[in-house]
Chemist: 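First, the structure itself, so that you have it in front of you.
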Amino acid sequence: MSELRHPIGTFDVLAPDSRRWEALLAVFARVVEGAGYGLVITPTFEDLQVFQRVGASTDIVRKEMYDFEDKGGRRVALRPEVTASVVRAFIQHRPTTPWKAWYAGSNFRYESPQAGRYREFHQVGIEVFGAADADLDVEVMALGWEFYRALGLRRVELMVNSLGDATCRPPYRALLIEYLEARSGDLCDEHRDRFRENPLRVLDCKRPTCKAVAADAPKQVEHLCDACGAHFARATGGLDALGIPWTLATNLVRGLDYYTRTTFEYAGLALDSAQNAVGGGGRYDALVEEMGGPSTPGIGFALGVERILMACDAEGTLAAPDAAVDVFVVDFAGGDAARDLTAQLRAAGVRADRSFDGRSAKAQFKVADRSGARLALVVGPDDAAAGTVMIRPLTGDRTQWATPRDQVVAEVARLLGS
RNA sequence: GUGGCCGUAGCUCAGUUGGUUAGAGCGCCAGGUUGUGGCCCUGGAGGUCGGGGGUUCAAGUCCCCUCGGUCACCCCA
C-alpha cells in the first residue's frame, strides 16, 4: 500500500472510465448550448458570505461547509453548490437579461462518504436570471429531462411541486405549524422540538412517524395565491404539452431554502432510494435581491454527475467510448522515424502514437495492437536505409507494403479517409 | 457524529485447528521468432499480509488500539 492516497470522500477517475465523464459533459453541453445557454466559469471557492446568505439555516451551509481562513485572514469556503456563485457573478457583472448560463464543476460538502455521496462531487447545471415566465420553468425542466434521455436513461421520474411565494407561503407556513402543533406528539425526536423553525423540513423527514404526519398535512399546492396557482398551472401544463411525464410531489422540499414557486427533482428509479436523487432545482425569485442584487427572478437546476453515472450503470447505458489512435509507429531503427513521423502525422490531423525506450519489434507490435490503431507504420534498419516506410494494416488483411518516406503521411491520410 | 461489514501483489482473490522461504488467475516485462501484434509455451519482476502494540516457542491467522475502505442512519447530488 502506498502512503499517499486521495483524501477521504474523494476519488480519481482514470481512463477508460474518464471517457464516460467526457461523454457525459459533451452531451450536456450539446443539449443546453442548443437552447442558448452559455458556459459560466466561477471560482471553486468564494467568500464565506456568499454561501451563508443563501442558506444560513440549512445543513449544507451550517454543518457541511468546507470553510477556512486563508493566509490573508479572509474567511472563504469551497462551494457546496454552484447557484450561489452564479448569483454572485450575476450581481457583480450584470449581464443583460434573460441571462442563460450553464456550468460543470466540483462541489464540496464535509460529511461522511457512502454510496453516491462524496466530499468532492460534481454537478452540471443551468441557471436563468431575469425571466419570471412559467414557460421558462417548462424549458428548464425539459432540458434536464432531455439530457437524461440523451444519455440513454429511461427510468427517471420528474417530480414537481410549488412552494408558493411571499404572498402565499407565510400563511401556508402558519397553517402547517398549526397542524403540526396539534400532531407534535407524533413527530420524530428531532422535529418535535424544531418544527416551528422550519416546518417544511418535516414534510421531507423520512422517519415513519413524521411521514405519517406529513401525509395528512395541508399542502402548499392547495394553498397557492392566484398568481402562484396560475404559474404552476402554466408550468405543469407546459410539461403535458411537451409530452414530458411528471408527478405531483406535494411534500417535495429541497435542501436549500431559497426556492420559490416551482421546485422539482429528478429521481433515478433504477437506484436505491438513498441516492436516487439524480438532480433537482427550482425557481428562486427572491434570491438575487436577498444577496444584494436588483430584484430579479431566477430558476435553475443542478444534476449530480456521480449519481447520473450510477443510474447509467444500473440501466446499462453510456458505455465508455473506445479511445484509439489511428496509427501506431513501430520503429526499431533507432527512433528517428518514430519521432518525426508521429509529429508529422499529428500535424496532419492523424492520431498517432508510438513506443519509447527502444523496445523490441515484437513488444512494439503488442502495444500497437492494444492501441486500437488501424494502421502500423513500420521502420526497421532496411527501411530506414531504403528511405521507405512499411504500411501494415492491423486488422483484416495484414499484408504490408513499402511506401516512400516522403509520401507516407499523405498515403496514410488517404487510407484513413476512405 | 453513530453503527454493520471489510483491509494479503497493479487488479480479483486463496491461505486449513496459529507451524518452515505467503500463493493463484489476470495484468506487466523478457525470451521462444538477432524485423512483425492478438493464440500458445517458458521465465521474470512485483508483498514491510493497512499501521502500532500484545499473547505465544511460533501470528497473514488470536486479542487490543489505530488508520483506511465500504454500506447504512442523518442530510443530500
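Within every chain, numbering begins at 1; the chains are lettered A, B, ... in the order of the sequence lines, protein sequences first and strands thereafter. Here the structure is a predicted model, which is why all the values come from computation and not from measurement.
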Chemist: Can you check whether Glu120(A)'s main-chain N or O pairs, donor with acceptor, with Tyr66(A)'s side chain at less than 3.5 Å?
Modeler: no
Chemist: Is the distance between the ring centroids of Tyr266(A) and Phe264(A) under 6.0 Å?
Modeler: yes
Chemist: Within the structure shown, what part of the strands sits under 4.0 Å from Gln123(A) by heavy-atom distance: base, sugar-phosphate, or nothing?
Modeler: sugar-phosphate
Chemist: Atom CD of Glu411(A) and atom CG of Leu416(A): how far apart are they, to the nearest 0.5 Å?
Modeler: 10.0 Å
Chemist: Keeping Lys100(A) on the side-chain end and Ala35(A) on the backbone end, is there a donor-acceptor pair under 3.5 Å?
Modeler: yes
Chemist: Under the side-chain hydrogen bond (donor to acceptor under 3.5 Å, both in side chains) definition, can you give me all pairs with a residue in residues 348-365 of chain A, not counting sequence neighbours?
Modeler: Asp326(A)-Arg351(A)
Chemist: To the nearest Å, how far apart are Met310(A) CE and C76(B) C1'?
Modeler: 13 Å
Chemist: In whole angstrom, give me the gap between the P atoms of U20(B) and C49(B).
Modeler: 16 Å
Chemist: What are the residues of residues 356-370 of chain A, sorted by number, that bring a heavy atom to within less than 4.0 Å of RNA chain B?
Modeler: Arg359(A), Ser360(A), Lys362(A), Ala363(A), Phe365(A), Lys366(A), Asp369(A), Arg370(A)
Chemist: If you measure from the C1' atom in U61(B) to the same atom in G54(B), how many Å do you get, rounded?
Modeler: 15 Å
Chemist: What integer number of Å spans the P atoms of C11(B) and U33(B)?
Modeler: 35 Å
Chemist: Against Asp67(A), only a single residue in Arg75(A), Arg109(A), Arg79(A) fulfils salt bridge (charged side-chain N to carboxylate O under 4.0 Å, His left out); can you say which?
Modeler: Arg75(A)
Chemist: What is the base-pairing partner of G3(B), counting Watson-Crick and G-U wobble geometry with both distances under 3.5 Å?
Modeler: C71(B)
Chemist: Above 12 or not: heavy atoms from other molecules or residues under 6.0 Å from CZ of Phe68(A)?
Modeler: yes
Chemist: Using atom CG of Leu252(A) as one end and atom P of C75(B) as the other, report the distance to the nearest whole Å.
Modeler: 15 Å
Chemist: Quickly work out the Leu158(A) CG to A77(B) P distance and round it to whole Å.
Modeler: 15 Å
Chemist: Rounded to the nearest angstrom, tell me the gap between atom NE2 in His6(A) and atom C1' in U70(B).
Modeler: 12 Å
Chemist: Can you identify which nucleotide, out of G68(B), A72(B), C76(B), has its nearest atom closest to the Ile8(A) side chain?
Modeler: G68(B)
Chemist: Any strand counts, and the cut-off is 3.5 Å on both contacts for Watson-Crick or G-U wobble. Which nucleotide pairs with C49(B)?
Modeler: none
Chemist: Closer than 3.5 angstrom, by distance alone: can the side chain of Glu157(A) be matched with the main-chain N or O of Thr247(A) as a donor-acceptor pair?
Modeler: no
Chemist: Expressed as a whole number of Å, how far does the C1' atom of U48(B) sit from that of G32(B)?
Modeler: 36 Å
Chemist: Given that both distances must come in under 3.5 Å, which nucleotide forms a Watson-Crick or G-U wobble pair with U42(B)?
Modeler: A30(B)
Chemist: Mapping Asp383(A) and Arg117(A) to their closest nucleotides on RNA chain B, which lands nearer the 5' end?
Modeler: Asp383(A)
Chemist: Would you kindly check whether a donor in the side chain of Gln275(A) faces an acceptor in the base of A72(B), or vice versa, at under 3.5 angstrom?
Modeler: no
Chemist: Provide the Watson-Crick or G-U wobble partner of G35(B), both distances under 3.5 Å; none if there is no partner.
Modeler: none
Chemist: Using a heavy-atom cut-off of under 4.0 Å over every strand shown, decide if Gly116(A) touches base, sugar-phosphate, or nothing.
Modeler: base
Chemist: Between A72(B), A77(B), U36(B), which nucleotide gets closest to the side-chain atoms of Ala115(A)?
Modeler: A72(B)
Chemist: Rounding to an integer number of angstrom, what distance separates G4(B) and A59(B) when you compare their P atoms?
Modeler: 29 Å
Chemist: Tell me if a side-chain donor or acceptor on Thr262(A) pairs with a main-chain N or O of Val160(A) at a distance below 3.5 Å.
Modeler: no
Chemist: So which nucleotide does A58(B) pair with, by the Watson-Crick or G-U wobble rule with both distances under 3.5 Å?
Modeler: none
Chemist: Compare the minimum distances between each of C75(B), C76(B), U2(B) and the side chain of Arg307(A), then state the nucleotide with the smallest one.
Modeler: C76(B)
Chemist: Distance check: side-chain N/O of Gln114(A) vs OP1/OP2 of A72(B), anything under 4.0 Å?
Modeler: yes
Chemist: Taking the C1' atom of each, how far is U17(B) from C13(B), in whole Å?
Modeler: 23 Å
Chemist: Using whole Å, what does the distance between atom C1' of nucleotide A77(B) and atom OH of Tyr266(A) come to?
Modeler: 14 Å
Chemist: Quickly work out the Arg392(A) CZ to G38(B) P distance and round it to whole Å.
Modeler: 11 Å
Chemist: Which nucleotide, if any, forms a Watson-Crick or G-U wobble pair with G18(B), using both distances under 3.5 Å?
Modeler: none
Chemist: Which value, in whole Å, describes the distance between the P atoms of nucleotides A14(B) and G68(B)?
Modeler: 25 Å
Chemist: Tell me whether Arg117(A) contacts the main-chain N or O of Ser112(A) through its side chain, where contact means a donor paired with an acceptor under 3.5 Å.
Modeler: yes
Chemist: Given atom CE of Met390(A) and atom C1' of U36(B), what is their separation to the nearest angstrom?
Modeler: 10 Å
Chemist: Are the ring of Phe332(A) and the base ring of G35(B) both nearer than 5.5 Å at their centres and tilted by less than 30°?
Modeler: no
Chemist: Indicate, with a heavy-atom threshold strictly under 4.0 Å, whether Glu81(A) touches base, sugar-phosphate, or nothing.
Modeler: nothing
Chemist: Atom CG of Asn276(A) and atom P of A77(B): how far apart are they, to the nearest Å?
Modeler: 12 Å
Chemist: Taking only the P atom of each, what is the distance from C6(B) to G10(B) in whole angstrom?
Modeler: 23 Å
